[in-house]
Every structure is written in C-alpha cells, then in structure tokens.
Amino acid sequence: MRLVLFGPPGAGKGTQAKYLATHYGLAHLSTGDMFRAAIKEGTPVGKEAKSFMDAGKLVPDTVVCGIAGEGIEKAGLDQFILDGFPRTIPQAEWLDAFLAESQADNYVVISLKVDTELIVERLSNRRMNKITGEIYHLTYNPPPIDLPAEVLLHRSDDQPEAIRERLAVYEADTAPLEAYFKGKNRLKEVNGVGEIEEIFDRIKAMLG
Ligand code: AP5
Ligand code: MG
C-alpha cells in the first residue's frame with residue numbers, strides 16, 4: 001500500500017499517519033520530522049532546512065526530494081505513507097518519475113479538509129514529545145500528566161507569525177497540487193473535522 005497524506009498545516013496529517021502506519025504496517029515518512037531530526041543532529045541538511053522552517057517557508061525542492069527519496073528507498077518502495085510530501089508540483093512530478101522507474105507510481109492521496117480557523121486553534125495548542133515524536137493537543141489530546149514539562153516541545157513554527165506564513169505558503173504553492181492529483185485520479189477527500197478516531201474510521205472506510 002502506498003499512501004500520501006495531503007492537507008494544510010495542522011490538518012492532522014501526522015496524527016492520522018501514525019494510526020494508519022500502525023494499522024496497515026506502513027513506514028511513516030514525514031519530511032517535517034526528518035528535517036527536525038536533521039536539525040537536532042546538526043547535519044548539513046538540518047542546517048540548510050532550519051531557517052526556512054522557522055520562518056514557515058518551504059525547504060527547496062531538491063533538498064526535500066533527496067531526503068524523501070532516501071526514506072522511500074529505505075522503506076522498500078511499496079509499504080509507506082508520506083506525510084507532508086509532496087507539497088509543490090515539481091515535488092509531485094519528481095515523485096511520479098521516481099516511483100515510475102520501479103512501476104510503483106500507483107499511490108492514493110488522502111486529502112484532509114479542515115477550515116483555517118480550526119487550524120490556527122490546533123497549531124497554537126499543539127505540543128510534541130521531544131523524545132518519541134508523539135503529537136498532543138492541550139485540549140483535545142492532552143499529554144499525560146506525569147510527562148515532565150521539559151520533554152514537551154512547542155514547535156518554533158507554531159508561533160502566530162509562522163503559522164500565518166505557513167498558511168499563505170500552503171495556498172500559494174501546495175493547494176494547486178489538488179488539481180494535479182485529481183487529474184491523475186489519485187485524490188480522495190476526507191472530512192478532517194471531528195474526533196481523531198472518527199477521522200481514522202473515515203479514512204479506513206474510504207480505503208476499503
Ligand atoms: P511539517 O512538520 O510537515 O508541518 P505542516 O505540514 O505544517 O503540518 P503540521 O505537522 O503542522 O500539521 P499536521 O497536519 O501534521 O497536524 P498534526 O497531526 O500535528 O513541516 C514543517 C516544515 O518543514 C514546513 O513548514 C517546511 O518548512 C518543511 N517541509 C516539510 N515538508 C516539506 C516539503 N515537502 N517541501 C518543503 N518543505 C517542507 O495535528 C495538529 C494539532 O491538531 C495537534 O495538536 C493534534 O493533536 C491536533 N489534532 C489532530 N487531529 C485532531 C482532531 N481530529 N481534532 C482535534 N485536534 C486534532
Ligand atoms: Mg505533521
């Protein structure tokens with residue numbers, strides 16, 4: 001099974017990708033998580049990505065495609081879920097060409113639909129476990145009370161200004177991909193509003 005989770009920042013891609021990866025036995029490949037790991041390790045890719053990410057801008061396509069391609073190859077090309085990649089038309093064209101080389105370009109794109117107001121509320125209240133990558137929301141999915149505060153990360157791009165920039169970048173560079181995927185008959189839209197488990201059930205029902 002090859003899946004792509006698509007949607008604006010805060011749509012719930014990471015949250016649903018974790019559930020889907022466990023349920024279907026897929027490698028969860030999040031380019032955002034890969035960059036955050038690279039920044040923590042201080043690698044050249046991490047150093048290049050950091051300023052773009054902190055400002056809410058997209059990391060250049062060549063850097064992203066390189067890191068995504070490595071992840072897909074490691075996963076073995078047929079059991080993966082991509083979270084947050086591709087998010088520009090050149091990235092999608094690159095992915096199609098890359099997978100086509102191995103006759104593996106028959107993936108399904110799950111597009112999570114969520115309104116902007118809800119997105120801002122979700123992102124401002126998101127926290128992540130620095131060690132495990134677990135995603136929390138202070139109200140809807142609160143971290144365990146015994147988790148030490150220093151383990152909880154408030155992402156630097158979850159500040160109001162960076163959130164606004166990410167949403168603008170999404171509209172300008174990423175939203176046009178919906179038409180691209182539709183044209184290739186890959187796009188499946190799922191309502192991303194509701195309880196986390198309920199949305200997971202919707203996706204499973206859609207996948208059949
Ligand atoms: P990335 O880490 O991918 O960030 P993003 O796309 O902005 O998406 P988020 O991770 O913010 O949101 P999400 O959809 O995963 O939502 P989540 O499940 O956490 O990328 C970060 C940066 O890296 C980019 O800005 C860019 O610089 C760079 N980058 C990465 N990929 C790139 C690419 N392909 N090209 C170029 N640059 C790239 O949920 C959000 C919150 O809502 C959480 O608190 C969660 O608990 C809560 N929540 C989730 N579902 C529900 C629900 N149903 N009800 C209530 N709350 C919910
Ligand atoms: Mg995410």
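Note that the coordinates shown come from a computational prediction; the quantities given were computed from them, not determined experimentally. Count residues from 1 along the sequence. One-based numbering, in listed order, for ligands and for the atoms of each. FYI, side chains are in, hydrogens and waters are out, and symmetry mates aren't considered; it's all heavy atoms of this structure.
- Using a 4.0 Å cut-off between a side-chain N of Lys or Arg and a carboxylate O of Asp or Glu, Arg166 and Asp158 qualify as a salt bridge.
- Considering only residues two or more places apart in sequence or on other chains, Lys204 meets the side-chain hydrogen bond (donor to acceptor under 3.5 Å, both in side chains) condition with Asp201.
- Taking the side chain to side chain contact (heavy atoms under 4.5 Å, CB included) definition, one finds that Pro44 meets it with nothing, sequence neighbours left out.
- Counting heavy-atom neighbours within 6.0 Å of Lys130 NZ, excluding the residue itself, gives a total above 12.
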Cut-off 3.5 Å, no hydrogens considered: what does the side-chain donor-acceptor table look like for residues 66-87, sequence neighbours left out?
{"residue": "Asp83", "atom": "OD2", "partner": "His28", "partner atom": "NE2", "Å": "2.9"}
{"residue": "Arg87", "atom": "NE", "partner": "Gly84", "partner atom": "O", "Å": "2.9"}
{"residue": "Arg87", "atom": "NH2", "partner": "Gly84", "partner atom": "O", "Å": "3.2"}

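- Under a 4.0 Å N-O distance rule, the pair Lys113/Glu178 qualifies as a salt bridge.
- Residues lining ligand 1 at a heavy-atom distance below 4.0 Å are given as Pro8, Pro9, Gly10, Ala11, Gly12, Lys13, Gly14, Thr15, Thr31, Gly32, Arg36, Met53, Lys57, Leu58, Val59, Val64, Gly84, Phe85, Arg87, Gln91, Arg122, Leu123, Arg126, Ile135, Tyr136, His137, Tyr140, Arg155, Asp157, Arg166, Gly194, Glu195, Ile196, Ile199, ordered by chain and residue number.
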